[in-house]
Amino acid sequence: MKTPRPRAGLHASRVARPERGVYKSRASFNFGPPDTAMAQDFAVARRNMVDGQLRPNQIVDPALLAALSSVPREAFVPADRAGIAYSDEAVPLGGGRALMEPMALARLIQIARPATGDAALVVGAGTGYGAAILSRLVATVVAVESDAALLARARAALAGAANVTLVEGALAEGGAAKGPYDLILVEGMIEAIPEALAAKLAEDGRLVAVVGDGRPGVPGQAHLGRRAGGVFSSRPVFDIGVPLLPGFAKPRAFAF
């Protein structure tokens with residue numbers, strides 16, 4: 001496999017189709033002038049990511065694999081890091097933030113069981129890669145980001161995705177997005193799931209997040225939360241390490 005060169009020129013699209021009364025417009029991701037050689041390099045890297053990282057780690061959902069096979073991940077990282085976009089590690093985005101490794105994101109989305117009619121909320125959207133993947137799997141996506149520079153890159157990358165709305169705001173509050181949402185994805189490790197986010201979940205909705213304190217060498221736990229009978233509860237599903245998100249400090253107990 002050739003080593004992917006910086007800067008991508010890929011155009012990925014999907015065909016509109018009606019699903020559960022929701023018409024998804026044709027969404028195309030345009031990231032600069034096309035370069036056939038680079039597109040081929042990245043296409044090979046993307047296929048290797050799916051076959052070498054995701055399938056062996058029990059990512060089996062066909063629709064999710066199709067989305068991960070078609071969205072150009074290299075377009076969501078800084079140009080000088082495009083060559084490592086498909087590596088099995090988090091990619092630094094600057095400002096202390098990083099793009100979650102592909103396997104971690106895929107496992108979180110898979111346990112959330114996205115449905116074609118879902119309204120989804122992505123918290124800590126970064127440059128928009130997770131939102132781009134979910135946009136292929138659900139009806140609508142609201143993506144919240146607090147970092148203005150990352151949000152600007154996400155707006156550019158997702159300009160052609162008609163079913164994605166980007167919002168600037170505090171991550172722990174889910175921005176100004178009110179909900180309710182059928183699915184909430186938190187893209188990063190947090191110390192605790194805030195009540196403000198859980199409150200945005202619809203009845204029978206699912207929330208996925210990695211809970212941990214971000215200590216080096218100590219993985220967090222992927223939690224799957226649900227709202228049933230008006231009550232939110234969550235349980236750990238598997239251990240995994242992902243980049244820490246800012247603004248989610250666990251409330252400290254009062255000490256006498």
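Just so we're clear, the structure is a prediction, and the values are computed from it rather than from any experiment. Because only heavy atoms are used, hydrogens play no part in the values below, and waters and symmetry mates are left out as well, while side chains stay in.
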Which is it for Thr165 and Val141 under the side-chain contact (heavy atoms from CB on, under 4.5 Å) test, yes or no, and what are the steps along the way?
-> CA-CA 6 Å; Thr165 301; Val141 179; over 6 Å; no
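- Taken from CG in Leu54 to CD in Gln110, the straight-line distance is 9.5 Å, to the nearest 0.5 Å.
- Annotation for Lys200 and Ala196: closest pair CG-O, 3.4 Å, computed over non-hydrogen atoms.
- Here the CZ atom belonging to Arg47 is positioned 15.0 Å from the CG atom belonging to Leu68, to the nearest 0.5 angstrom.
- Side-chain contact check for Phe248 versus Ile193: every heavy-atom pair is 4.5 Å or farther apart.
- With rounding to the nearest 0.5 angstrom, the CG atom of Leu224 is 8.5 Å from the CZ atom of Arg206.
- Under the 4.5 Å side-chain heavy-atom criterion for grouping Ile, Leu, Val, Met, Phe, Trp and Tyr, Leu108 is connected to Met49 within one hydrophobic cluster.
- Of all non-hydrogen atoms in Ala143 and Ala131, the two that sit nearest each other are CB-CB, 4.0 Å.
- The shortest side-chain heavy-atom distance between Val142 and Tyr181 falls under the 4.5 Å cut-off.
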Step by step, work out the side chain to side chain donor-acceptor pair (under 3.5 Å) result for Tyr86 and Arg73.
-> CA-CA 7 Å; Tyr86 295 97; Arg73 183 175 165 89; over 6 Å; no
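- Using a distance-only test at 3.5 Å, with no hydrogens or angles considered, a donor-acceptor pair links the side chain of Glu203 to the main chain of Gly229.
- In the hydrophobic clustering of this structure, Leu183 groups with Ile111; members are Ile, Leu, Val, Met, Phe, Trp, Tyr whose side-chain heavy atoms approach within less than 4.5 Å, directly or through other members.
- Distance check, rounded to the nearest 0.5 Å: CD of Glu145 to CZ of Arg97 gives 4.0 Å.
- Of the possible polar contacts, one joining the Arg227 side chain to the Ala198 backbone as a donor-acceptor pair under 3.5 Å is found.
- A salt bridge does not link Glu74 with Arg81: none of the charged nitrogens is closer than 4.0 Å to a carboxylate oxygen.
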Apply the test side-chain contact (heavy atoms from CB on, under 4.5 Å) to residues Arg136 and Ser70: give CA-CA distance (whole Å), side-chain angles for both, the deciding distance (0.1 Å), then the verdict.
-> CA-CA 10 Å; Arg136 304 296 183 92; Ser70 59; 2.9 Å; yes
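- When atom types are taken as modelled, the side chain of Asp239 and the backbone of Pro219 share no donor-acceptor pair closer than 3.5 angstrom.
- Under the 4.5 Å side-chain criterion, counting only non-hydrogen atoms from C-beta, Ile240 is in contact with Met103.
- The structure places CG of Leu105 at 6.0 Å from CE of Met100, a figure rounded to the nearest 0.5 Å.
- Side-chain atoms of Met189 and Leu245, non-hydrogen and from C-beta on, never get closer than 4.5 Å to each other.
- Checking Arg226 against Ser233 by side-chain atom types alone, no donor-acceptor pair falls below 3.5 Å.
- Contact between Ala209 and Ile190 at its shortest, heavy atoms only, is CB-CD1, 4.0 Å.
- The shortest side-chain heavy-atom distance between Val210 and His223 does not fall under the 4.5 Å cut-off.
- Proximity of Leu121 to Leu185: side-chain heavy atoms (C-beta onward) are nowhere separated by under 4.5 Å.
- Proximity of Thr127 to Val77: side-chain heavy atoms (C-beta onward) are nowhere separated by under 4.5 Å.
- The cluster map of Ile, Leu, Val, Met, Phe, Trp and Tyr, joined by side-chain heavy atoms under 4.5 Å apart, puts Val211 and Val242 in different clusters.
- Test Asp118, Thr116, Ile133 against Val138 for side chain to side chain contact (heavy atoms under 4.5 Å, CB included) and you get one pass: Asp118.
- Here the side chains of Ile109 and Pro114 are in contact, with some heavy-atom distance below 4.5 Å.
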Please walk me through it: do Phe232 and Leu197 pass side-chain contact (heavy atoms from CB on, under 4.5 Å)?
-> CA-CA 10 Å; Phe232 174 80; Leu197 281 187; over 6 Å; no
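- Taken from OG1 in Thr140 to CG in Asp182, the straight-line distance is 8.0 Å, to the nearest 0.5 Å.
- Here the closest non-hydrogen pair linking Pro78 and Pro92 is CD-O, 3.7 Å.
- Residue Leu137 is grouped with residue Val122 when hydrophobic side chains (ILVMFWY) are merged at heavy-atom distances under 4.5 angstrom, including chains of intermediate members.
- Residue Phe42 comes nearest to Ala82 through the heavy atom pair CE2-O, 3.5 Å, listed as atom of the first residue, atom of the second, then distance.
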Would Leu151 and Arg155 count as a side-chain contact (heavy atoms from CB on, under 4.5 Å) if you check the C-alpha gap in whole Å, the side-chain angles of each, and the deciding distance to 0.1 Å?
-> CA-CA 6 Å; Leu151 187 65; Arg155 289 192 190 284; 3.5 Å; yes
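- A continuous path of Ile, Leu, Val, Met, Phe, Trp and Tyr side chains, each step under 4.5 Å between heavy atoms, connects Leu150 with Tyr129, placing both in one hydrophobic cluster.
- In terms of heavy atoms, Asp213 sits closest to Glu191 at CA-CG, 4.1 Å.
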